[in-house]
Trainee: 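Here it is, the structure, as structure tokens.
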Amino acid sequence: MQIKSPTLRVRAAFGAVAALGVLALAACSSDSPAETTTSPATEPTTGDTAMEEPMEMTDVTVGLIPILDVGPIYLGVDKGFFEEEGLNLSLELAQGGAFIIPSVSQGDYEFGFSNVTSLILATANGVGLEAVGPGASTNGTEEDMAAVLTTADSGISSAKDLEGKKVGVNALANVNTATINQMVRDDGGDPSKVTYVELPFPDIVPAIVSGDIDAGQVVEPFRTAGVNQDLVSIGSNFLAMSPTFMIAEYFTSSNYAAENPEVVAAFEAALAKSFEYATAHPDEVRAIVLDYTQMDEETANAVRLPGWPSEIDAASVDLQAELAVTDGTLTEIPDLSNLK
């Protein structure tokens, strides 16, 4: 496995979060699994047991967001689930799903991780995509891994108070803006009066603390970073939608899926194993985070884990499409069978 470096912008952002007491996900590398080599036999072996041919490995690149949600795929690589399916993964970090989608559709990555809203908007614009598995969801409890944070003296105590304020999000017109808008509506406010500012996740907490923005939406480990800086939460925009709201999916391009069905099936199988294992072994998820990030152990033990569902939640896909129409980012809901 190779873990490739994020952009310089993300790298610089990691340093900002480090000043807050938690080091964000940064460029890192891990030891590649040792290759198994088989020496050719000079003489045929005797007996009934035939010599086993080494499995042919397929190299694939997966675009990921540097957040806790993707922990299971790192754990799956560590446990050999992808290798068992004949896949050698190279993991590439990006700012958000909206940035990963073009790389997958153009063939730079074979697979990617993105929020569902961005996948819906891409589908509506004619980008051929196919979901290959769920990405992450709320965990079904009040202890959600996402939060809209602000300072204690900001005067923002509920979603309606975001009117007239600047709110940081990792990408515009994605699941975060859509769900915050709905929070504002449900609280009797007008989301058109909210000004969104696009920032990488690692930059959001420092921007709140410095006063550059009034509030910001974050996920772990940045939620914990904000709480450690005395920021307060006005609620989880994901949990406000559903106790089991599916936020993201893993996906590939329609062309790649059609041309490489066996590779896609292998990825799906390994991903399912990874999710099942991660759900059953949360302590190992926290431990693997220490391997692929520079997060300290205390923070890793404090962060809230998301849910990792066993299958795609079609209701969450439909809800996000409806929110996109309500926000005006879509005029009508397209055929979304590719995302279910």
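Here the structure is a predicted model, which means the values were calculated and not measured. Values below: all heavy atoms of this structure, side chains included; hydrogens, waters and symmetry mates excluded.
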Trainee: Quickly, which of Gln320, Met145, Met241 forms a side-chain contact (heavy atoms from CB on, under 4.5 Å) with Ile247? Name it, please.
Mentor: Met145
Trainee: Decide yes or no for Thr331 and Val325: does some side-chain heavy atom of the first lie under 4.5 Å from some side-chain heavy atom of the second?
Mentor: no
Trainee: Looking at Arg185 and Asp190, does any basic side-chain N land under 4.0 Å from a carboxylate oxygen?
Mentor: no
Trainee: May I ask you to check whether over 12 heavy atoms, not counting those of Lys340, lie within 6.0 Å of atom NZ?
Mentor: yes
Trainee: Give the cluster check for Leu336 versus Ile101: same hydrophobic cluster or not, with ILVMFWY residues linked at side-chain heavy-atom distances below 4.5 Å.
Mentor: yes
Trainee: Would you confirm whether Glu110, through its side chain, and Thr61, through its main-chain N or O, come within 3.5 Å as a donor-acceptor pair?
Mentor: yes
Trainee: How many angstroms lie between atom CZ of Phe111 and atom CD1 of Ile100, to the nearest 0.5 angstrom?
Mentor: 14.0 Å
Trainee: Kindly say whether Pro243 contributes a backbone atom to a donor-acceptor pair with the side chain of Thr138 at under 3.5 angstrom?
Mentor: yes
Trainee: Glu198 and Asn170: side-chain contact (heavy atoms from CB on, under 4.5 Å), yes or no, with the steps?
Mentor: CA-CA 5 Å; Glu198 186 176 70; Asn170 76 313; over 6 Å; no
Trainee: Any donor-acceptor pair under 3.5 Å linking the side chain of Asp187 with the backbone of Gly189?
Mentor: no
Trainee: Check the hydrophobic clustering (I, L, V, M, F, W, Y; side-chain heavy atoms under 4.5 Å; chains of links allowed) and say if Leu323 and Ile333 are grouped together.
Mentor: yes
Trainee: Please check if Val227 and Phe201 belong to a single hydrophobic cluster, counting links between Ile, Leu, Val, Met, Phe, Trp and Tyr side chain heavy atoms closer than 4.5 Å.
Mentor: no
Trainee: Side chain of Ser118, backbone of Asn115: donor and acceptor closer than 3.5 Å?
Mentor: no
Trainee: For the pair Lys166 (side chain) and Asp212 (backbone), establish whether a donor and an acceptor sit closer than 3.5 Å, ignoring hydrogens and angles.
Mentor: yes
Trainee: May I ask you to decide if Val263's main-chain N or O and Asn260's side chain share a donor-acceptor pair within less than 3.5 Å?
Mentor: no
Trainee: Which residues pass the ring pair (Phe, Tyr, Trp, His ring centres under 6.0 Å) test with Phe82, not counting sequence neighbours?
Mentor: Phe267
Trainee: Could you tell me the separation between the CZ atom of Phe245 and the CG atom of Leu319, rounded to the nearest 0.5 Å?
Mentor: 5.5 Å
Trainee: Do NZ/NE/NH1/NH2 and the carboxylate oxygens of Lys79 and Glu284 come within less than 4.0 Å?
Mentor: yes
Trainee: Which heavy-atom pair separates Gly135 from Trp308 by the least distance, and what is that distance?
Mentor: O-CD1, 3.5 Å
Trainee: Between Asp186 and Lys160, does any NZ, NE, NH1 or NH2 come within less than 4.0 Å of an OD or OE carboxylate oxygen?
Mentor: no
Trainee: Would you find a donor on one side and an acceptor on the other, under 3.5 Å apart, between the side chain of Asn181 and the backbone of Thr177?
Mentor: yes
Trainee: Is the closest basic N to carboxylate O distance between Lys273 and Glu85 below 4.0 Å?
Mentor: yes
Trainee: Same cluster or not: are Leu239 and Val167 linked, directly or through other Ile, Leu, Val, Met, Phe, Trp or Tyr residues, by side-chain heavy atoms under 4.5 angstrom apart?
Mentor: no
Trainee: Can you name the closest pair of heavy atoms from Ile312 and Ala131 and give their distance?
Mentor: CD1-CB, 3.7 Å
Trainee: List the steps and the verdict of side-chain contact (heavy atoms from CB on, under 4.5 Å) for Leu119 and Glu249.
Mentor: CA-CA 9 Å; Leu119 293 174; Glu249 293 179 296; 3.6 Å; yes
Trainee: Got a second to check how far Asn174's CG is from Phe99's CZ, nearest 0.5 Å?
Mentor: 9.5 Å
Trainee: Within the structure provided, determine whether Val175 and Asn237 are in side-chain contact (heavy-atom separation under 4.5 Å).
Mentor: no
Trainee: Return yes if some donor-acceptor pair links the side-chain N/O of Asn139 with the main-chain N/O of Glu143 below 3.5 Å, else return no.
Mentor: yes
Trainee: To the nearest 0.5 Å, what is the distance between CG on Leu305 and CG on Asp283?
Mentor: 9.0 Å
Trainee: Test side-chain contact (heavy atoms from CB on, under 4.5 Å) on Ile213 and Leu199; report intermediate values, then the result.
Mentor: CA-CA 10 Å; Ile213 57 177; Leu199 295 169; 4.1 Å; yes
Trainee: Just wondering, more than 12 heavy atoms not from Glu298 lying within 6.0 Å of its CD?
Mentor: no
Trainee: Please answer whether the main-chain N or O of Val127 pairs with a side-chain N or O of Asn125 as donor and acceptor at a distance below 3.5 Å.
Mentor: no
Trainee: Check for me, please, whether Tyr277 and Val132 land in the same ILVMFWY cluster - side-chain distances under 4.5 Å, paths through other members count.
Mentor: yes
Trainee: State the OH-CD distance between Tyr109 and Glu92, to the nearest 0.5 angstrom.
Mentor: 4.0 Å
Trainee: Show the nearest heavy-atom pair for residues Ala147 and Arg223, with the distance to one decimal.
Mentor: CB-CG, 3.8 Å
Trainee: Between Asn88 and Glu83, does a side-chain hydrogen bond (donor to acceptor under 3.5 Å, both in side chains) hold up when you go through it step by step?
Mentor: CA-CA 6 Å; Asn88 179 45; Glu83 185 178 3; over 6 Å; no
Trainee: Go through the steps to decide whether Ser233 and Leu149 satisfy the test side-chain contact (heavy atoms from CB on, under 4.5 Å), and finish with yes or no.
Mentor: CA-CA 4 Å; Ser233 171; Leu149 299 179; 3.8 Å; yes
Trainee: Examine Phe113 together with Tyr250 and report whether their ring centres are nearer than 6.0 Å.
Mentor: yes
Trainee: Indicate the atoms forming the closest heavy-atom contact of Ser316 with Thr244, along with that distance.
Mentor: OG-O, 4.0 Å
Trainee: Answer yes or no: is there a donor N or O on one side and an acceptor on the other, between the side chain of Ser105 and the main chain of Ser253, under 3.5 Å?
Mentor: no
Trainee: So which atom in Ala173 and which in Thr329 form the shortest heavy-atom distance, rounded to 0.1 Å?
Mentor: CB-CG2, 4.3 Å
Trainee: Using side-chain heavy atoms (C-beta onward) and a distance below 4.5 Å, is Leu339 in contact with Phe251?
Mentor: no
Trainee: Shortest non-hydrogen contact from Gln217 to Ile204?
Mentor: O-CD1, 3.3 Å
Trainee: Looking at Arg304 and Glu220, is there a salt bridge between them, counting it only when a charged N and a carboxylate O are closer than 4.0 Å?
Mentor: no
Trainee: Mind checking the CG-OG1 spacing from Leu129 to Thr252? Nearest 0.5 Å is all I need.
Mentor: 8.5 Å
Trainee: Is the closest side-chain donor-acceptor distance between Thr123 and Asn338 under 3.5 Å?
Mentor: yes
